[in-house]
Peer 1: 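This is the structure I want to talk about, given as structure tokens.
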There are 2 protein chains.
Amino acid sequence: MPADLPLDQILEGDCIELLASLPAESVDLIFADPPYNLQLQNELRRPDNSLVDAVNAHWDRFTSFSEYDAFTRAWLSACRRVLKPEGTLWVIGSYHNIYRVGAILQDLDFWILNDVVWIKSNPMPNFRGVRFTNAHETLLWAQKERGARYTFNHQTMRSINDDLQMRSDWYLPLCVGRERLRSNGVKLHPTQKPAALLYRILAASTRPGDVVLDPFFGTGTTGEAAIRLGRHWIGIEKEPVYIEAARKRLSCVHPDSDGISSSEKPDLRQRIRLPFGTLLEYGYLHPGDILYLGPDSAIQAVITPQGKLAVDGLIGSIHKVASQLQDRQANGWTDWYYYDASDHQRHPIDKLRQQILSSQETESDE
Amino acid sequence: MPADLPLDQILEGDCIELLASLPAESVDLIFADPPYNLQLQNELRRPDNSLVDAVNAHWDRFTSFSEYDAFTRAWLSACRRVLKPEGTLWVIGSYHNIYRVGAILQDLDFWILNDVVWIKSNPMPNFRGVRFTNAHETLLWAQKERGARYTFNHQTMRSINDDLQMRSDWYLPLCVGRERLRSNGVKLHPTQKPAALLYRILAASTRPGDVVLDPFFGTGTTGEAAIRLGRHWIGIEKEPVYIEAARKRLSCVHPDSDGISSSEKPDLRQRIRLPFGTLLEYGYLHPGDILYLGPDSAIQAVITPQGKLAVDGLIGSIHKVASQLQDRQANGWTDWYYYDASDHQRHPIDKLRQQILSSQETESDE
DNA sequence: TGGGATCTTGAATCCGCTT
DNA sequence: TAAGCGGATTCAAGATCCC
């Protein structure tokens, strides 16, 4: 590691200039959350006529695609220089910018390893009903040089995904509530990312002690994840307000004493756990199917596309719904039954879980 | 509709040439599933050493991004020419090609309306555990001209999504089992799309009788959805094997007698506008009658002979008066109530409008 | 203090016909 | 063509209020 690498600090200024001042091939991972080039023409109002507080920051104003492209090429090239040959890069964006970014990234000889979709559990609806709800953002994960060795902690990802391979669709809520940084009740940054997103990214693609750089540091979510996971970080940001907020925030963050960072090998106990939704993924059950609360009970519930159960107005996990209906702590796996057309009988859904678990044991790659 | 438009048939040959022979601005919707530019360097084997039957067709081989870009620009431009000004275009792809396609599409002045992610319930795992399971593909939905009116059947989408807005994340299984076309047990087309995907696309963004064109028709999934939904279709394909399979397949498809197509809720935006004065013309209400601002409110207004409402010095449309009295954006149809002497209750005046609208529908429906 | 009702808000390219 | 205006349009969570 070069001695002149400014570790664990925020560099104040323009990222393209500051990146040029850093030593080449010195960084293991880059996470970038660049301006999205949103182009809302007019104000937007909800059906109750209240005004939506849209992104309208000066740093997100570009006059044309070509201006945005030039900006994108500049910061991506600067990032490429400081990245180690075996390093990788993440970029997040929406449909407004991600196709520009993706194409330029490929033109600069980055090699895409995955695209990942962050699916929001609570996106803002489309108030006018004129398009589909914009419920996801896209992450690109690319390596600097095609064919180079890169870090991917497969077992760590498995262990935080109920021992299934982590897929390219990630379900995470927006950054709201206590996690969202505010000043006098006003959100500090219009697009603060959830900590869980950065935590997963760093846990997946870095090793302890690695250097993680974020050229659009904002309020420092990347730094927080790095500290918690025992990685070094470098943040670049030019807005003094964000820098101050990030410094204050990061002064209170400490490495996790347990969790992913200290248990990078999967815990054998966790191998038994399997989310109900997996039965849908495997096609054993389908959204819309009916489950019964017991072998003879008339009480029914419908499976939702999200892998929950719905009865009347009640929606929740198999365990929660079973508990509420029976007014006691319940185990959904043994309480809910499905109808098997082949033998005309009801069986507990736990039977399906056992089938998947046993098939995974034999498929296991260890 | 141009008389020389070859409806409901497959055109045999190269799509760029054949598109040039079609009349300009004649097609309502284009769905394109272009070659993905997949380039597995070596054969891919599962953990049990069996060989994965990857896409390796000759039509999916490009030697460079620039060659793929030129091809993409050519077919997208040709599509743009035949599309009506208010027409829209869908393209599906994976991370190998969708960023090229998206950027070129924007460069050609298509205007992106949404990107949609098709999330596969049963994707192929990443056998070696070196990346995230590639569990989704990306769809781009764009209009030919920014700001033009386009078709989006919001109410239809709502009704097939439990009365919630349809989001940009779609959960559909891969095309497998009986749906997958096979010849002697071998899959006929390496990337046959599920019928449910095309069905949703056409149900969302076309109207009955519209012309849907697919420049990479393959085995005709787009044609099947079009027939089932009562839309015209044009398929372009150059592989004789696929053409033969599509012809055979489509000869057995018939319009749905039920399902989405017949349960399409009328989009309120698209129905005929009916002025408040019509209620007076029909004799449902009379000048001088009293309306009430809610089921219990004491606030009253008088109907003027001009079909306006008057309260104190205030005179205006049902909407304007309701908005001013309540100090918010209001819909007069649902806010104003009339007194029905037959049941001694107040009802929204929208009830009267519905009666007229339904009587008009039964008159015009043959 | 508990729970139900109401209010607030989040990276959003967000109306369309008539005059 | 730009302005006017009729009238259609929202989901999930967390925070706050109220009884």
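In what follows, chains are A, B, ... by sequence order, proteins preceding strands, each numbered from 1.
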Peer 1: Which part of the nucleic acid, if any, lies within reach of A/Asn134 when heavy atoms closer than 4.0 Å are counted: base, sugar-phosphate only, or nothing?
Peer 2: sugar-phosphate

Peer 1: A/Arg45 or B/Arg167: which one's nearest nucleotide on DNA chain D is closer to the 5' end?
Peer 2: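 Upstream on the strand: A/Arg45.
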
Peer 1: Strictly below 4.0 Å: does B/Arg353 bring a side-chain N or O up to OP1 or OP2 of D/dA8?
Peer 2: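 Yes, B/Arg353 has a side-chain N/O under 4.0 Å of OP1/OP2 on D/dA8.
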
Peer 1: Within the structure, does a side-chain N or O atom of B/His319 lie under 4.0 Å from either OP1 or OP2 of D/dG6?
Peer 2: no

Peer 1: Find the partner of D/dC19: check Watson-Crick (N1-N3 plus N6-O4 or O6-N4) and G-U wobble (N1-O2, O6-N3) distances, both under 3.5 Å, and reply none if neither fits.
Peer 2: C/dG2

Peer 1: When you measure from the side-chain N and O atoms of B/Gln155 to the phosphate of D/dT9, is any distance below 4.0 Å, counting only OP1 and OP2?
Peer 2: yes

Peer 1: Mind checking B/Leu164 for me? I need base, sugar-phosphate or nothing, with any heavy atom below 4.0 Å counting as a touch.
Peer 2: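 It contacts sugar-phosphate atoms only.
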
Peer 1: Give A/Ser121 one of three labels, base, sugar-phosphate or nothing, depending on what nucleic acid heavy atoms sit under 4.0 Å from its own.
Peer 2: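 Sugar-phosphate: the residue A/Ser121, judged by heavy atoms under 4.0 Å, touches backbone atoms but no base.
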
Peer 1: Nearest heavy atom decides the nucleotide; on that basis, is B/Asn114 or B/Ala148 closer to the 5' end of DNA chain C?
Peer 2: B/Asn114

Peer 1: Check whether any side-chain N or O of B/Asn331 sits under 4.0 Å from OP1 or OP2 of D/dA8, and answer yes or no.
Peer 2: yes

Peer 1: Would you mind pulling out the nucleotide paired to D/dA8, Watson-Crick or G-U wobble, both distances under 3.5 Å?
Peer 2: none

Peer 1: Measuring from atom NZ of B/Lys308 to atom CZ of B/Phe276, what distance do you get when rounded to the nearest 0.5 angstrom?
Peer 2: 11.5 Å

Peer 1: Do B/Arg207 and B/Asp210 meet the salt-bridge criterion of a basic N to acidic O distance under 4.0 Å?
Peer 2: no

Peer 1: Decide yes or no for B/Arg200 and B/Trp170: does some side-chain heavy atom of the first lie under 4.5 Å from some side-chain heavy atom of the second?
Peer 2: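 B/Arg200 vs B/Trp170: side chains touch.
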
Peer 1: Base, sugar-phosphate, or nothing: which does A/Pro173 touch, judged by heavy atoms less than 4.0 Å apart?
Peer 2: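 It contacts nothing in the nucleic acid.
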
Peer 1: Could you tell me how far apart A/Leu44 (CG) and D/dT10 (C1') are, to the nearest whole angstrom?
Peer 2: 11 Å

Peer 1: Describe the nucleic acid contact of A/Asn97 in one word from base, sugar-phosphate, nothing, applying a heavy-atom distance below 4.0 Å.
Peer 2: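 Here A/Asn97 touches no strand at all.
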
Peer 1: From C-beta outward on B/His154, which listed nucleotide comes closest to its side chain: D/dG6, C/dG10, D/dT10?
Peer 2: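 Nearest nucleotide to the side chain: D/dT10.
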
Peer 1: Take B/Asp350 and A/Pro125, find for each the nucleotide of DNA chain D with the closest heavy atom, and name the residue whose nucleotide sits nearer the 5' end.
Peer 2: B/Asp350

Peer 1: Would you mind classifying the nucleic acid contact of B/Trp111 as base, sugar-phosphate or nothing, using non-hydrogen atoms under 4.0 angstrom?
Peer 2: base

Peer 1: Flag the pair B/Tyr337 / B/His347 as yes when their ring centroid distance falls below 6.0 Å, and as no otherwise.
Peer 2: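 Between B/His347 and B/Tyr337, which both carry aromatic rings, the centre distance is not below 6.0 Å.
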
Peer 1: Searching all strands shown, indicate the nucleotide that pairs with C/dT18 (Watson-Crick or G-U wobble; both distances under 3.5 Å).
Peer 2: D/dA3

Peer 1: If we take the C1' atom in both C/dA11 and D/dA15, what is their distance in whole Å?
Peer 2: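 Nearest-Å result for C/dA11 against D/dA15 at atom C1': 23 Å.
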
Peer 1: Quick check on C/dG10: is either OP1 or OP2 less than 4.0 Å from any side-chain nitrogen or oxygen of A/Lys187?
Peer 2: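 Yes, because at least one side-chain N or O of A/Lys187 sits under 4.0 Å from OP1 or OP2 of C/dG10.
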
Peer 1: Please pick, from D/dT10, D/dT9, C/dA11, the nucleotide with the shortest atom-to-atom distance to any side-chain atom of A/Glu137.
Peer 2: C/dA11

Peer 1: Need one value for A/Asp48: base, sugar-phosphate or nothing, where a base atom within 4.0 Å counts as base even if backbone is also close, heavy atoms only.
Peer 2: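 No contact.
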
Peer 1: Let's see if you can work this out: which of C/dA11, D/dA15, D/dG6 has an atom nearest to the side-chain heavy atoms of A/Arg178?
Peer 2: D/dA15

Peer 1: Give one of base, sugar-phosphate or nothing for A/Arg180, where a contact means two heavy atoms less than 4.0 Å apart.
Peer 2: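 Here A/Arg180 touches the backbone only, sparing every base.
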
Peer 1: If the P atom of C/dT9 is compared with that of D/dT9, how far apart are they to the nearest Å?
Peer 2: 25 Å

Peer 1: Quick check: any donor-acceptor pair below 3.5 Å linking the side-chain of A/Arg46 to the base of C/dG10?
Peer 2: yes

Peer 1: Does C/dC15 have its OP1 or OP2 closer than 4.0 Å to a side-chain nitrogen or oxygen of A/Arg128?
Peer 2: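 For C/dC15, OP1 or OP2 has a side-chain N or O of A/Arg128 closer than 4.0 Å.
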
Peer 1: I'd like to know if A/Lys120 reaches the base of C/dA11 with its side chain such that a donor and an acceptor end up less than 3.5 angstrom apart.
Peer 2: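 When only heavy-atom distances are counted, A/Lys120 does not reach the base of C/dA11 through any donor-acceptor pair under 3.5 Å.
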
Peer 1: For B/Lys84, is the NZ atom crowded, meaning more than 12 foreign heavy atoms sit under 6.0 Å from it?
Peer 2: yes

Peer 1: Taking the six-membered ring for Trp and the full ring for Phe, Tyr or His, determine whether the centres of A/Trp141 and A/Trp90 are under 6.0 Å apart.
Peer 2: yes

Peer 1: Of the nucleotides C/dA11, D/dG6, D/dG14, which has the atom closest to the A/Leu174 side chain?
Peer 2: C/dA11

Peer 1: Does B/Ser317 put a side-chain nitrogen or oxygen below 4.0 Å from OP1 or OP2 of D/dG6?
Peer 2: yes

Peer 1: What is the distance, rounded to the nearest whole Å, between atom CZ of B/Arg149 and atom C1' of C/dC14?
Peer 2: 17 Å

Peer 1: Is there a donor-acceptor contact under 3.5 Å linking the side chains of A/His96 and A/Ser94?
Peer 2: yes

Peer 1: What distance, rounded to whole Å, do you find between the two C1' atoms, one in C/dT8 and one in D/dT10?
Peer 2: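 Per the computed distance, 13 Å lies between those C1' atoms.
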
Peer 1: Respond yes when some side-chain nitrogen or oxygen of B/Arg158 is under 4.0 Å from OP1 or OP2 of D/dC11, and no when none is.
Peer 2: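 The answer is yes; a side-chain N or O of B/Arg158 sits under 4.0 Å from OP1 or OP2.
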
Peer 1: Using Watson-Crick or G-U wobble geometry with both distances below 3.5 Å, tell me the partner of C/dA11, or none.
Peer 2: none

